[in-house]
Amino acid sequence: MPDPFRLYPATRLRRNRTSESIRKLVAENTVTPADFIWPLFVVDGTGIRDEVSTMPGVHRLSVDQLAKEADRAAELGIPALALFPYTDPSLKNPTGTEALNSDNLVCQAVRAIRKNHPDLMLVCDVALDPYTDHGHDGVLDGDVIMNDETVDLLVKQALILAENGCDTVAPSDMMDGRIGAIRTALEKNGFRNTRICAYAAKYASCFYGPFREAVGSQAALRGDKRSYQMDPANSDEALHEVALDIQEGADLVMVKPGLPYLDIIYRVKQEFGVPTVAYQVSGEYAMIEMAAREGCIDRERAMLEALLAFKRAGADAILTYFAPFAAALLNNRS
């Protein structure tokens, strides 16, 4: 058997880098608009486009404005939206009961989008932190997040979202057993085709700050979330989490954050081979945007390089605030 690795000068690896055409031909990974899930923030009111101060270019949108962005997503070829609410503080309480209101902001948004886009994938967050006055993802007993009591509420929230037209519920709370409980309830209530995108390996990260400002939970948060979100020191534990979520009925699994956890994305995809989503979180987005505004990096190149890194690590889809900007750029290049 001949040695496939021929020596220089028979092998000059630069030959396949000499032009744009050959680079495209031999590229091992590509990014397209079809890879993106576009996260959007919905706020009460009409005609509102309120920029998030820590996320340049990202806005809180009233339902009418969000529906227009759904039109834009369809035009750009983005197949999925992820919806997150900015809940009025007057509607928040210790148990996050606004999450169970079938006319809350997310449910209104889902219904509005469904009128014109029945096939657009809508990913709706299942967690209590946008609705609790303490900013945690679950029910508190003193300083302790109560797992099973929280799961009961999450099941009800998931069913309400499905009833209003959400096709993909996304539990982001990191409570034990919630995927199985939600899957059982969906099946029992006739939502057999409603997908579960599990935030399977969600780390207790400092990169979430701008998001928490966007949904209004940052100021309310008491303490931190390290008792239920994963320790950034752990890698093997992520595989355990993902395995459990798959066994309990998850259709897609997510790793969050993204770039600081490319190794986790790679391990998850190699180990399980299931649809894997990377979440390029708010802090990652803000770093690129703000560095670009200061002239430190080229925005377009940094954006696309980061997105390509997720595909190279094994992600099938990328939840990213760059979705409309990257999609427009990629469409213009094609």
**Prompt:** For M175, which of L153, D148, V151 qualifies under side-chain contact (heavy atoms from CB on, under 4.5 Å)?
**Reply:**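 Output: one option passes, namely V151.
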
**Message:** Is there a path of hydrophobic side-chain contacts, each under 4.5 Å between heavy atoms of I/L/V/M/F/W/Y residues, joining V52 to M287?
**Reply:** yes

**Message:** I'd like to know if V274 and L244 are part of one continuous hydrophobic network [Ile/Leu/Val/Met/Phe/Trp/Tyr, side-chain heavy atoms within less than 4.5 Å].
**Reply:**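 The answer is no; the residues belong to distinct hydrophobic clusters.
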
**Message:** Using ring centroids (six-membered ring only for Trp), state whether F36 and F322 fall under 6.0 Å.
**Reply:**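 No, the ring of F322 stays outside the 6.0 Å limit from the ring of F36, centre to centre.
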
List the atom pairs, donor and acceptor, that lie under 3.5 Å between side-chain atoms in residues 184-192 and the rest of the protein, sequence neighbours left out.
from	atom 1	to	atom 2	distance (Å)
T184	OG1	G180	O	2.9
N189	ND2	A185	O	2.8

Side chains of [X] and [Y], donor plus acceptor under 3.5 Å:
X: S172; Y: D125; value: yes
X: T95; Y: T97; value: no
X: S53; Y: E213; value: yes

Which pairs count as side-chain hydrogen bond (donor to acceptor under 3.5 Å, both in side chains) when at least one residue sits in [range], sequence neighbours excluded?
range: residues 287-299; answer: E289-R299
range: residues 271-288; answer: Y279-Y321, Q280-T320
range: residues 28-38; answer: D35-K311

**Asked** N234 side chain to E237 main-chain N or O, any donor-acceptor pair under 3.5 Å?
**Response**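 No, because the side chain of N234 does not come within donor-acceptor range (under 3.5 Å) of the backbone of E237.
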
Could you tell me which residues satisfy side-chain hydrogen bond (donor to acceptor under 3.5 Å, both in side chains) with [X], sequence neighbours excluded, listed by chain and number?
X: D44; answer: none
X: T194; answer: none
X: D141; answer: none
X: D119; answer: none

Test: [X] and [Y] ion pair at under 4.0 Å:
X: K269; Y: D316; value: yes
X: D152; Y: R178; value: no
X: E75; Y: R72; value: no
X: D64; Y: R49; value: no
X: E20; Y: R333; value: no
X: D137; Y: K225; value: yes

Find out whether [X] and [Y] are in side-chain contact, i.e. whether some heavy atom of one side chain is under 4.5 Å from a heavy atom of the other.
X: R111; Y: D103; answer: yes
X: L304; Y: L330; answer: yes
X: F272; Y: I246; answer: yes
X: N104; Y: P85; answer: no
X: V42; Y: L61; answer: no
X: S235; Y: R267; answer: yes
X: L259; Y: F207; answer: no

**Request:** Show which residues join V26 in its hydrophobic cluster (side-chain heavy-atom contacts under 4.5 Å, direct or indirect), or state none.
**Result:**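 Answer for V26: I22, L25.
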
**Asked** Going by side-chain heavy atoms closer than 4.5 Å, which hydrophobic residues are tied to L7, directly or by a chain of links?
**Response** none

**Contacts of type ring-ring contact (aromatic ring centres under 6.0 Å, His included), residue H134, not counting sequence neighbours** = H136

**Request:** Please indicate whether E149 has more than 12 foreign heavy atoms, meaning atoms of other residues, nucleotides or ligands, lying under 6.0 Å from its CD.
**Result:** yes

**Asked** Does atom CG of N193 have more than 12 heavy-atom neighbours, drawn from other residues, nucleotides or ligands, at distances under 6.0 Å?
**Response**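 Open: at most 12 neighbouring heavy atoms sit under 6.0 Å from CG of N193.
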
**Message:** My understanding is that only residues two or more places apart in sequence, or in another chain, count here; which of them pass side chain to side chain contact (heavy atoms under 4.5 Å, CB included) with A238?
**Reply:** A201, Y203, M230, I264

**Request:** Test the R60-Y86 pair against the cation-pi criterion, namely NZ or CZ under 6.0 angstrom from the six-membered ring centroid and within 45° of the ring axis.
**Result:** yes

**Request:** Could you walk me through whether R114 and D167 pass salt bridge (Lys or Arg N to Asp or Glu O under 4.0 Å), step by step?
**Result:** CA-CA 10 Å; R114 279 283 174 253; D167 57 59; 2.4 Å; yes

